[in-house]
Novice: 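If you scroll down you'll find the structure; I have some questions about it.
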Amino acid sequence: MSTPIVNSQLAEAINNALATVIDPELRRPITELGMVDSVSVSDDGRVRLAVLLTIAGCPLRDTITSDSEKALFAVPGVTAVDVDLKVMSQAQRDALKEKLRGPGGQRGIPFNQPDSLTKVFAVASGKGGVGKSSVTVNLACALAAQGLRVGIVDADVYGFSVPGLMGITQAPTRVDDMILPPVAYGVKVISIGMFVTGNQPVAWRGPMLHRALEQFLTDVYFGDLDALFLDLPPGTGDIAISVAQLLPKAEILVVTTPQAAAADVAERAGAIATQTGQKVAGVIENMSYLEMPDGGRMELFGSGGGAVLTERLTATVGADVPLLGQIPLDIQLREGGDAGVPIVIGQPGTPAAESLAGIAARLAAVPRGLAGMKLGLQPR
Ligand SMILES: Nc1ncnc2c1ncn2[C@@H]1O[C@H](COP(=O)(O)OP(=O)(O)O)[C@@H](O)[C@H]1O
Ligand SMILES: [Mg+2]
């Protein structure tokens, strides 16, 4: 027979163990989220734990069960663990949402709140196929690996590719009107690809794109992030304008190849910042060269595009636009994308991965929240 925990030392150890169990979607301890319904232990060390899931069909129920078992078995004196999964009542769900969103269930875009410290990066390019999405997922994974809290919004609605690049097949969980993004490599990801069945095309006009993006930014629960990346479609179309409207503080990262023609088109994507009042965080040159077996470098797409673009954007936007890095061509980068394992995770020692990690480190070095903000200082 199990009785409520009386042995206070064991009780404390069990509670501490449960506090290490992180909800895989909400990324917070289950104890904090009101997910522990009851816990008891019998004289022979058998723990009975009842966990409250947010919704009945929670896809991560097995993860929560095994993580709880693992944590509890690590407590000296625990001999057996029974995990019972229940589902929250509406009142419990409301309490959870209030805890996550703040009193009254704050709506609107959290990244625009005056106290938000999230750095928002919109990854843009002139042309498609220059590696925007590959760069986005690798930068996000590199920052998450450094311990930062990171999210990605796949804003390339027609050409979504982030779920594939991150190996995500799981659909987001819905808790009433709140959408919980799937997590891969510690990165929270939302994409229209998670809402369409199969490989159906999305055929929407501008206003629908805007609304989809707005819903991603308001209804998806990202929690407190250090960095949010938006993978934009190529060019200066509807989405780029919507991002500027919805997230005026988003800084633009321009991806280009070394080719002069690519840099020309990319310049327009970056120069849009002068019209929208956004900041250009920097230029990333991708596919810069191919390392040859003899150690030489073959410049497949020419050279200098990144440097030229940096100079021109600095002149156009009237502020220093740095060249953040040059990423070589690497078959493993493409293979990692196809396999859903970004190269910074799968092959961290390669020059391409090291270049990406270096760029991520530069982005992380800018103190979060302060960049581009007026400090309100008055001249004396
Ligand atoms: N540095 C690189 N080395 C090798 N392949 C790359 C590199 N960067 C991107 N690719 C490949 O090029 C293709 C286009 O990249 P992608 O990230 O989808 O570009 P975009 O999002 O700009 O359209 C993908 O197949 C990707 O794997
Ligand atoms: Mg893309």
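First listed ligand is number 1; within each ligand, the first listed atom is number 1.
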Novice: Identify the heavy atoms of Val317 and Val280 that sit nearest to each other, and give their distance.
Specialist: CG1-CG2, 4.0 Å
Novice: Which residue pairs pass the side chain to side chain donor-acceptor pair (under 3.5 Å) test with at least one member in residues 55-67, sequence neighbours excluded?
Specialist: none
Novice: Could you please spell out the steps behind the side-chain contact (heavy atoms from CB on, under 4.5 Å) verdict for Asp238 and His210?
Specialist: CA-CA 8 Å; Asp238 287 309; His210 186 87; over 6 Å; no
Novice: Just the protein N/O/S atoms under 2.8 Å from the Mg ion (ligand 2), please, no waters.
Specialist: Ser133 OG
Novice: State which residues pass salt bridge (Lys or Arg N to Asp or Glu O under 4.0 Å) with Asp176; sequence neighbours excluded, sorted by chain then number.
Specialist: Arg93, Lys97
Novice: Using a 4.0 Å cut-off on heavy atoms, what residues surround ligand 1? Order them by chain and number.
Specialist: Gly128, Gly129, Val130, Gly131, Lys132, Ser133, Ser134, Asn286, Met287, Pro328, Leu329, Asp330, Leu333, Arg334
Novice: Do Asp84 and Arg48 sit within salt-bridge range, that is, some charged N less than 4.0 Å from a carboxylate O?
Specialist: no
Novice: Only one of Thr256, Val308, Ile252, Leu324 clears side chain to side chain contact (heavy atoms under 4.5 Å, CB included) with Val283; which?
Specialist: Thr256
Novice: If you apply the rule side chain to side chain donor-acceptor pair (under 3.5 Å), what do you find for Glu285 with Ser288, and how did you get there?
Specialist: CA-CA 6 Å; Glu285 189 186 270; Ser288 295; 2.7 Å; yes
Novice: Any link between Leu225 and Leu363 through a network of hydrophobic side chains (Ile, Leu, Val, Met, Phe, Trp, Tyr) touching at under 4.5 Å?
Specialist: yes
Novice: Does atom CZ (Arg174) have a neighbourhood of more than 12 heavy atoms from anything else shown, all under 6.0 Å?
Specialist: no
